[in-house]
Amino acid sequence: MVADKRALVTMSGVGVTLPGLPDPVEVLDDISLDVDPGEIVGIAGESGSGKSMTGRALLGLLPDGARVRGSIVVEGTDLTAAPRSAWEQVRGREISMVFQDATAALHPMLTIGSQLTEHMRRHLGLGRRAARDRAVELLDQVRIPDPARALRSYPHQFSGGMRQRIAIAIALAAEPKLLIADEPTTALDVTVQAGILQLFDRLVREMDLSILFITHDLGVLAALADRTYIFYAGRVLETGPTQDLLRDARHPYTRALLRARPEPVEGSDEPPVLQPIPGQPVTASTAPPGCPFEPRCPDRDGDCSVQRPQLVPVPPRGDRETAAGHTAACLVHAPARPRAVESAR
Ligand SMILES: Nc1ncnc2c1ncn2[C@@H]1O[C@H](COP(=O)(O)OP(=O)(O)OP(=O)(O)O)[C@@H](O)[C@H]1O
Ligand SMILES: [Mg+2]
């Protein structure tokens, strides 16, 4: 296929099915997303919507026996059907991930120094001395006090927030172009959370880095992400530049997420009323045939249960300009262009 020259990574129509008993389980249905160099891109959605699985698909780290549809292109190379060895080249060096339970990813019996320098020596070919110097620099960048001493310490000697920052330093050790950060601030108190968000913002400016930031918290993305994807049941229901998406959310699911919050999201008109979304989320494998959100949607109409909406540009509303790249998959609020208009063009 002809790859998009500009994007760092592009997923097109990606579906993932895992082996299961009695039947295989679909965990991603149809994910298309891209990240450009220097961008911070957000993914938000309820539990089980496929956020972490998308990160794993981009790292070639899906569970054994996973079947992948669609295409995953990294820096112009289609890796969808690539052998394990090709993915190993990508991991660490091109793309790395801070996993959802990042502190569990640190080895309890190894010093921070050996965990950090192992990546540098393997991927960057640095000698012992150079790797140590670089490790000190990285710990300093993630604001770990007394980095030289930290290198000799073990994970249990740090607080949760510090361990989180150390996990980020390890993910950055091989100087990846894309960092996938899976809920990196969820378990942290607000001040530590703010510190990590600031850190990401700074790293993107100082290093040649892009970030794919996974969260269930739209408020975090408002402050951080250039563009945002809203996930549900292994699909993208709405996407666009974050500020436009929040100010002018069109999909009833996005609006429901905004209303379910205790506080307003910066830039959004949606009143936060702490209103839980009725019903239970469905997953890619339990989604109904039409719109996956239809059973819970306040705005559904007759077609929604049978017709599968595709992502299309949202129509103009009032005197507001519609932002380029703002699309939604909703038959009611973003109807596809009428056939008559299409054929008249
Ligand atoms: N190893 C696995 N085998 C089978 N199904 C799995 C496996 N891991 C995840 N799933 C299923 O895949 C779907 C997507 O999971 P994923 O971990 O991507 O969700 P998520 O959006 O990251 O949720 P959360 O916000 O809870 O982290 C879910 O339905 C989950 O139950
Ligand atoms: Mg997850």
Side-chain angles (χ1 to χ4, degrees), residues 9 11 13-33 35 41-70 72 87 95-105 160 164 167-168 171 178-188 193 196 200 211-221 224-225 228-239 251 253-254 256-258 260-262 265 276-277 279-289 291-293 295-296 329:
V9 297
M11 299 175 83
V14 171
V16 171
T17 307
L18 301 182
L21 288 172
D23 298 311
V25 185
E26 190 173 43
V27 293
L28 294 182
D29 176 1
D30 180 8
I31 299 292
S32 294
L33 69 76
V35 182
V41 172
I43 296 179
E46 279 169 298
S47 189
S49 58
K51 304 182 298 295
S52 298
M53 214 39 93
T54 297
R56 287 180 172 274
L58 275 173
L59 273 185
L61 275 186
L62 290 167
D64 282 343
R67 283 204 317 264
V68 182
R69 305 184 301 274
I72 301 174
W87 278 111
I95 306 179
S96 69
M97 183 157 170
V98 181
F99 289 93
Q100 192 157 6
D101 189 0
T103 62
Q164 190 74 309
I168 293 168
L178 176 67
L179 176 71
I180 303 173
D182 193 354
E183 306 267 11
T185 60
T186 307
L188 307 174
Q193 194 179 86
I196 288 189
F200 282 143
I211 298 178
L212 186 60
F213 194 101
I214 297 174
T215 179
H216 60 269
D217 185 350
L218 280 168
V220 167
L221 295 182
L224 191 74
T228 290
Y229 290 86
I230 304 293
F231 273 36
Y232 188 70
R235 315 194 73 203
V236 177
L237 294 193
E238 185 163 10
T239 180
H251 202 290
Y253 180 59
T254 313
L257 284 177
L258 289 166
R261 291 173 46 84
V265 170
I277 307 177
Q280 290 299 317
V282 294
T283 64
S285 52
T286 59
C291 171
F293 190 57
R296 308 168 78 189

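Along the sequence shown, the residues carry numbers beginning at 1. Whatever order the structure lists them in is the order used to number ligands and atoms, beginning at 1.
- Nearest residue to atom 7 (C) of ligand 1 from K51, E183, E26, M53 is M53 (criterion: closest heavy atom).
- In this structure, I180 CD1 and I95 CD1 are separated by 5.5 Å, a value rounded to the nearest 0.5 Å.
- The nearest protein atom to atom 23 (O) of ligand 1, hydrogens excluded, is given as G48 N, 2.8 Å; this is a heavy-atom distance.
- Counting only heavy atoms of the protein, atom 17 (O) of ligand 1 lies nearest to S52 CB, 3.7 Å.
- Side-chain atoms of R69 come within 3.5 Å of backbone atoms of D29 as a donor-acceptor pair (strictly under, hydrogens ignored).
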*Does the side chain to side chain contact (heavy atoms under 4.5 Å, CB included) test come out yes or no for V98 and L179, once each step is laid out?*
CA-CA 7 Å; V98 181; L179 176 71; 3.9 Å; yes
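- Heavy-atom proximity to T283, at under 4.0 Å, picks out these atoms of ligand 1: 29 (O).
- For atom 1 (N) of ligand 1, the closest non-hydrogen atom of the protein is P63 CG, 4.0 Å.
- Distance check for atom 9 (C) of ligand 1: a protein heavy atom is found below 4.0 Å.
- The protein atom (non-hydrogen) at minimum distance from atom 24 (P) of ligand 1 is S47 OG, 3.6 Å.
- For a distance bound of 2.8 Å, the N, O or S atoms of M53 include none lying that close to the Mg ion (ligand 2).
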_If you apply the rule side chain to side chain contact (heavy atoms under 4.5 Å, CB included), what do you find for Y232 with E238, and how did you get there?_
CA-CA 9 Å; Y232 188 70; E238 185 163 10; over 6 Å; no
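- We find the OG1-CG distance between T228 and L33 to be 11.5 Å, quoted to the nearest 0.5 Å.
- Note: I43 CD1 to S49 OG = 8.5 Å, rounded to the nearest 0.5 Å.
- For ligand 1, one of its N or O atoms has an N or O atom of G50 under 3.5 Å away.
- Distance check, rounded to the nearest 0.5 Å: CD1 of I230 to OG1 of T254 gives 4.5 Å.
- Taking CD1 from I31 and NZ from K51, the interatomic distance works out to 11.0 Å, rounded to the nearest 0.5 Å.
- Rounding to the nearest 0.5 angstrom, the gap separating the CD atom in E26 from the CE atom in M53 is 12.0 Å.
- At least one N/O-N/O distance between S49 and ligand 1 falls below 3.5 Å.
- Residue contacts to the Mg ion (ligand 2): Q100 brings an N, O or S atom closer than 2.8 Å.
- Using a 4.0 Å cut-off between heavy atoms, H216 makes no contact with ligand 1 at all.
- Taking 4.0 Å as the cut-off between side-chain N and carboxylate O, D217 and R261 count as a salt-bridged pair.
- The nearest protein atom to atom 4 (C) of ligand 1, hydrogens excluded, is given as L18 CD1, 3.5 Å; this is a heavy-atom distance.
- Of the protein's non-hydrogen atoms, V27 CG1, 3.6 Å is the one closest to atom 11 (C) of ligand 1.
- When distances from atom 27 (O) of ligand 1 to the protein are checked, a heavy atom turns up under 4.0 Å.
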